[in-house]
K.L.:
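Below are the structure tokens for one structure; questions will follow.
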Protein chains: 2
Amino acid sequence: MLSSVEENYLKYIFQLSEYSVNGVVKTNDLAYKLEYSAASVTDMLKKLADKKLVSYKKYYGVSLTKSGQQIAVHVLRKHRLWETFLVKKLKFTWDKIHDIAEQLEHIQSDELIDKMDEYLGYPKFDPHGDPIPNKNGTISVPNVICLADAKLKKTYLLANVNDDSAAFLKYLNKIQLQLGDKLRILEKEEFDETIRIAVNEKQQYVISREAALNMFVKESK
Amino acid sequence: MLSSVEENYLKYIFQLSEYSVNGVVKTNDLAYKLEYSAASVTDMLKKLADKKLVSYKKYYGVSLTKSGQQIAVHVLRKHRLWETFLVKKLKFTWDKIHDIAEQLEHIQSDELIDKMDEYLGYPKFDPHGDPIPNKNGTISVPNVICLADAKLKKTYLLANVNDDSAAFLKYLNKIQLQLGDKLRILEKEEFDETIRIAVNEKQQYVISREAALNMFVKESK
DNA sequence: TAATTTTTTTAGCTTTGACTAAATTTTATT
DNA sequence: AATAAAATTTAGTCAAAGCTAAAAAAATTA
Ligand SMILES: [Mn+2]
Ligand SMILES: [Mn+2]
Ligand SMILES: [Mn+2]
Ligand SMILES: [Mn+2]
């Protein structure tokens, strides 16, 4: 049985490895994500390697082993099911749930999480549009692109947002943007890379590059 | 903000103080309850005293301060609301919930627990018949007596059971005893203090003293 | 290629919260 | 009251998981 701290390391290695070459994560990147010193991270990577949860090569980087990945995915599953519960059942708004789920994801009880999954009706996506791994650890990777890369004139549906900044989600609340909204790309400003969009063929907004990088869309048929 | 460990100390001091003189708890009793060495307990009591959560007098004992008691009651509130959720919503049986609630009671979010309370309809008792403190920390102490002290020939309702032994609750499951059942005291055996009861005017059972000490009843009108 | 900068690891320190063994205080028994 | 037993505290140790500063390795630049 792993500590919450170890579970967090595995979870973040998994998330960083999705955007890395060969699934290899650098010590400094992990340290930045965890908000720990690089020295602390090096220490822990050695311990996780002893437990065969990661393969770690000095000065090179770290990647998850099969069993490390299974645990990481299970933690993600717990996180996203809890977030779904908080919104669907307890009526939390999507900007308040991440920090609570960061705690709840470490509760140890397989029966609990399976009953929760059933209670929620086996949801496929969490309130931020992130896919929820199933009991076997399978994740359906949704086919989305970053709003920053969206094409001029085309129309998309907002499918996924980055959930770990409450400030960003509050901003979306303020301009009343939610998952499923139809976004038409009206203009892409070259100078500062801002994007002008029409939401549901009604309001228009200018979205900064910083915001667009946190928004993911799929093509609207 | 307190650690889970500190919260547990306060919770158990509170629970032991309910059955002690002047609310003073002895180091060894607390050590036994927490399954720690007495030396470890002494250490922690000094730390809690520094934080003004307990008053601790060497070789004499410990009791909760006002603020220590508030925290203890809040932890109990969380524990019992979570247990209620697990049974009412997730369909857990009452013998499986205590250990999970021991983890969940340390989740830090007032908004979460208040929304949970509302979601459950402000329940007054948990699945074991223990009273749930309200948001202000008020506990309605129910008027129950121990089954071991019940009077011959009288009829009672099962109102409360000790919840921290799954084995005991499984035994109640087996003989199909549940909260609210009508218990008539048919016979009290002096030799070994077993009690023969009729349940809902149907089945009869012989209850050992050990079991009776874990069951609490109220008078049936 | 050599020098410099950046990244990573090592070494040594800290806090939390356990433990055991020994010392002390309190309580019980002769 | 003296002694023995029980309860409690003190002293010293350990593991987990963080930290900073210094050393070493890798990457970049001159
Ligand atoms: Mn999240
Ligand atoms: Mn999410
Ligand atoms: Mn319980
Ligand atoms: Mn209970």
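Numbered from 1 within each chain, the chains take letters A, B, ... in sequence-line order. Hydrogens, waters and symmetry mates play no part in the numbers below; they use all other heavy atoms, side chains included.
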K.L.:
How close or far is atom P of C:dT15 from atom CG of B:Leu2, stated in whole angstroms?
P.N.:
19 Å
K.L.:
State whether B:Arg196 and B:Glu187 are salt-bridged, where the test is any N-O pair (Lys NZ or Arg NE/NH1/NH2 against Asp/Glu carboxylate O) under 4.0 Å.
P.N.:
yes
K.L.:
With the sugar-phosphate defined as primed atoms, P, OP1 and OP2, and the base as all remaining atoms, what B/S/- string results for nucleotides 11-20 of chain D, 5' to 3', for protein heavy atoms under 4.0 Å?
P.N.:
------BSBB
K.L.:
Quick one: B:Glu7 CD to C:dT16 P, roughly how many Å, whole number?
P.N.:
16 Å
K.L.:
Identify whether NZ of Lys or CZ of Arg in A:Lys115 sits under 6.0 Å from the centre of the six-membered ring of B:Phe92 and within 45° of that ring's axis.
P.N.:
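Yes, a cation-pi geometry.
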K.L.:
Here's a test of your reading of the structure: between B:Lys51 and A:Asn28, which maps to the more 5' nucleotide of DNA chain C?
P.N.:
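Its nearest nucleotide lies further toward 5', so the answer is A:Asn28.
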K.L.:
Starting at CG of B:Leu34 and ending at P of C:dA18, how long is that distance when rounded to a whole Å?
P.N.:
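Between P of C:dA18 and CG of B:Leu34: 8 Å.
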K.L.:
Does a side-chain N-to-carboxylate-O contact under 4.0 Å join A:Lys91 and B:Glu118?
P.N.:
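So A:Lys91 does not pair with B:Glu118 through a salt bridge.
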K.L.:
Would you mind reading off the distance between B:Leu48 atom CG and C:dT16 atom P, rounded to a whole angstrom?
P.N.:
12 Å
K.L.:
So, is A:Lys46 close to the C:dT9 phosphate, meaning a side-chain N or O under 4.0 Å from OP1 or OP2?
P.N.:
no
K.L.:
Does a nitrogen or oxygen in the side chain of A:Thr27 sit under 4.0 Å from OP1 or OP2 of C:dT9?
P.N.:
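It does, given that an N or O in the side chain of A:Thr27 lies less than 4.0 Å from OP1 or OP2 of C:dT9.
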K.L.:
Distance check needed: C:dT16 C1' versus B:Met1 CE, whole Å only.
P.N.:
17 Å
K.L.:
Expressed as a whole number of angstroms, how long is the span from A:Tyr32:OH to C:dT6:C1'?
P.N.:
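A:Tyr32 atom OH is separated from C:dT6 atom C1' by 17 Å.
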K.L.:
Using the test side-chain contact (heavy atoms from CB on, under 4.5 Å), find all partners of B:Gln103 that sit at least two apart in sequence or belong to another chain.
P.N.:
A:Ile107, A:Gln108
K.L.:
Without decimals, in angstroms, what is the distance between A:Asp29 CG and C:dT8 P?
P.N.:
7 Å
K.L.:
Mark up nucleotides 22-27 of chain D, 5' to 3', with B wherever a protein heavy atom is under 4.0 angstrom from a base atom, S wherever such an atom reaches only the sugar-phosphate, and - elsewhere.
P.N.:
--BSS-
K.L.:
For the side chain of A:Arg77 and the backbone of A:Pro133, is there at least one donor-acceptor N/O pair under 3.5 Å apart?
P.N.:
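Here the side-chain-to-backbone pair exists.
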K.L.:
Over 60° means perpendicular and under 30° means parallel, so classify the ring planes of B:Tyr119 and B:Phe85, tilted if in between.
P.N.:
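Rings of B:Phe85 and B:Tyr119: tilted, as their planes differ by 30° to 60°.
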K.L.:
Report which part of the nucleic acid B:Tyr56 touches: base, sugar-phosphate, or nothing (heavy-atom distance under 4.0 Å, all strands).
P.N.:
sugar-phosphate
K.L.:
Give a yes or no on whether the backbone of B:His128 and the side-chain of B:Asn160 come within a donor-acceptor separation of less than 3.5 Å.
P.N.:
yes
K.L.:
Is the distance between the ring centroids of B:His79 and B:His98 less than 6.0 Å?
P.N.:
yes
K.L.:
Determine, step by step, whether B:Thr27 and B:Val62 satisfy the side-chain contact (heavy atoms from CB on, under 4.5 Å) criterion, reporting the C-alpha distance in whole Å, the side-chain angles of both residues, the deciding distance to 0.1 Å, and the verdict.
P.N.:
CA-CA 8 Å; B:Thr27 301; B:Val62 69; over 6 Å; no
